[in-house]
2 protein chains.
Amino acid sequence: MATTETSAEPLSIGEVAERTGLSVHALRFYEREGLLVGPVQRTSGGRRRYTAFDVDWLLICVKLRESGMPLADLKQFAELVRQGPGNEAERLQLLDAHRQRVDAQIQALQECRSVITWKVGVYADHLARGEAGGLWDPTA
Amino acid sequence: MATTETSAEPLSIGEVAERTGLSVHALRFYEREGLLVGPVQRTSGGRRRYTAFDVDWLLICVKLRESGMPLADLKQFAELVRQGPGNEAERLQLLDAHRQRVDAQIQALQECRSVITWKVGVYADHLARGEAGGLWDPTA
DNA sequence: ACTTGATCTAGACCTTGCTCCAGATCGTAG
DNA sequence: CTACGATCTGGAGCAAGGTCTAGATCAAGT
């Protein structure tokens with residue numbers, strides 16, 4: 001019931017969907033695409049059982065996706081982890097490259113934000129001084 | 001107050017592409033989609049001639065797109081501007097809503113950034129203390 | 001046993017936002 | 001006049017990232 005229960009019991013796909021914010025469809029899709037580190041365990045009946053590790057990994061995936069990492073990179077990262085220890089330098093490089101992209105993105109967004117804010121100011125002005133503005137710049 | 005030259009002469013599609021960073025394909029596409037405020041003027045021979053207003057509008061579009069505004073919203077905004085004065089409140093609302101989304105996005109990115117930074121730290125540590133780490137968390 | 005809801009698989013389909021192609025035309029430099 | 005590059009139109013194609021369907025199976029409640 002708790003969002004952050006560190007329970008040892010495996011979870012169903014629906015529960016994982018709730019916890020990660022991914023849809024069950026997306027979860028199956030990610031698995032097919034090889035984005036998970038290990039194969040997901042199954043019940044005797046064939047239902048997926050996600051471990052806490054799986055969920056942690058997925059939560060990281062979500063963060064990386066949210067910040068714009070393409071699935072291809074995520075897959076590559078998963079592959080590196082799957083290969084086991086010895087390639088930490090590569091993982092580091094992958095993540096650090098992504099961090100740089102995120103930084104650039106934050107910068108760009110802040111610029112956009114100020115343009116938008118300025119524009120919002122233009123309209124607020126217009127409204128404040130009444131709708132009487134006769135001649136004005138259509139792009140404003 | 002144009003970003004570059006405040007020339008009164010209209011520009012060709014190629015020149016606008018250079019100035020906006022959009023491809024000529026994208027420029028034609030935007031036009032078809034109704035993302036421009038007015039119809040683009042043409043030469044007698046049928047070539048597009050963009051005014052400084054067109055370019056300014058496109059530069060704003062670029063900023064809005066960069067910050068994740070969907071084309072549909074951009075189109076709606078263009079329609080409001082096309083309708084002329086009187087709907088500034090709606091325009092304001094549209095932009096302000098977008099600004100809020102941008103703020104949320106910046107926030108999210110900063111969170112992602114810190115997760116990534118932490119992860120990078122984990123790998124840097126691993127490398128610093130040598131590749132000898134025997135048992136370790138696969139998700140780390 | 002029966003009903004209900006969650007999951008299963010494979011694969012078709014969707015949306016967004018362009019990108020590219022074909023074949024024709026324009027316009028400028030030689 | 002002749003090239004040659006830039007542009008034109010309409011429409012097809014593409015990549016990413018899922019989403020949804022169909023038909024079957026599993027599991028739990030009554």
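Any value given below was found using the heavy atoms of this structure, including those in side chains, with hydrogens, waters and symmetry copies removed. Lettering follows sequence order; numbering is per chain, from 1.
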Distance below 4.0 Å between B:Thr43 side-chain N/O and C:dC26 OP1 or OP2 = no

query = Quick one: are the ring centres of A:Tyr123 and A:Trp118 less than 6.0 Å apart?
reply = no

message = Does A:Arg28 reach a base, just sugar-phosphate, or nothing at all? Heavy atoms under 4.0 Å.
response = base

task = Would you tell me if any nitrogen or oxygen in the side chain of B:Ser12 comes within less than 4.0 Å of OP1 or OP2 on D:dT7?
result = yes

request  = Look at atom CD of B:Gln83 and say whether more than 12 heavy atoms of other residues, nucleotides or ligands are closer to it than 6.0 Å.
outcome  = yes

task = Determine, step by step, whether A:Phe77 and A:Trp57 satisfy the ring pair (Phe, Tyr, Trp, His ring centres under 6.0 Å) criterion, reporting the C-alpha distance in whole Å, the side-chain angles of both residues, the deciding distance to 0.1 Å, and the verdict.
result = CA-CA 11 Å; A:Phe77 190 27; A:Trp57 174 254; 5.4 Å; yes

Minimum-distance nucleotide (side-chain atoms of B:Ile13 versus C:dC18, D:dG11, D:dC8) = D:dC8

ask   = What is the distance from OH of A:Tyr30 to P of D:dG17, rounded to the nearest Å?
value = 8 Å

Nearest-Å distance for atom pair NZ/C1', residues B:Lys75 and C:dT15 = 15 Å

task = Measure from CG on B:Leu35 to C1' on C:dG17 and round the result to the nearest Å.
result = 11 Å

inquiry  = Rounded to whole Å, please give me the gap between CZ in B:Arg49 and C1' in D:dA6.
reply    = 11 Å

inquiry  = Does B:Glu33, at its CD atom, have more than 12 non-hydrogen atoms belonging to other residues, nucleotides or ligands within less than 6.0 Å?
reply    = yes

task = Check the distance between D:dA15's C1' and A:Asp73's CG and give it to me in whole angstrom.
result = 15 Å

key: Closest to side chain of B:Phe29, choosing from C:dG11, C:dT19, C:dT7   = C:dT19

note = From NE2 of B:His25 across to P of D:dC8 the rounded distance in Å is 11 Å

request  = Select base, sugar-phosphate, or nothing to describe what A:Arg48 touches, counting heavy atoms under 4.0 Å on all strands.
outcome  = sugar-phosphate

Nearest-Å distance for atom pair CD/C1', residues A:Glu33 and D:dT19 = 14 Å

task = Specify the residue among A:Arg47 and B:Arg42 whose closest nucleotide of DNA chain D lies further upstream toward the 5′ end.
result = B:Arg42

Which nucleotide in C:dG17, D:dG18, C:dA10 has an atom nearest any side-chain atom of B:Pro70 = C:dG17

request  = Between B:Ser44 and B:Ala72, just flag the one whose closest nucleotide in DNA chain C comes earlier from the 5' side.
outcome  = B:Ala72

message = For B:Gly45 and A:Val24, find the nucleotide of DNA chain C closest to each by heavy atoms; which residue's nucleotide sits nearer the 5' end?
response = A:Val24

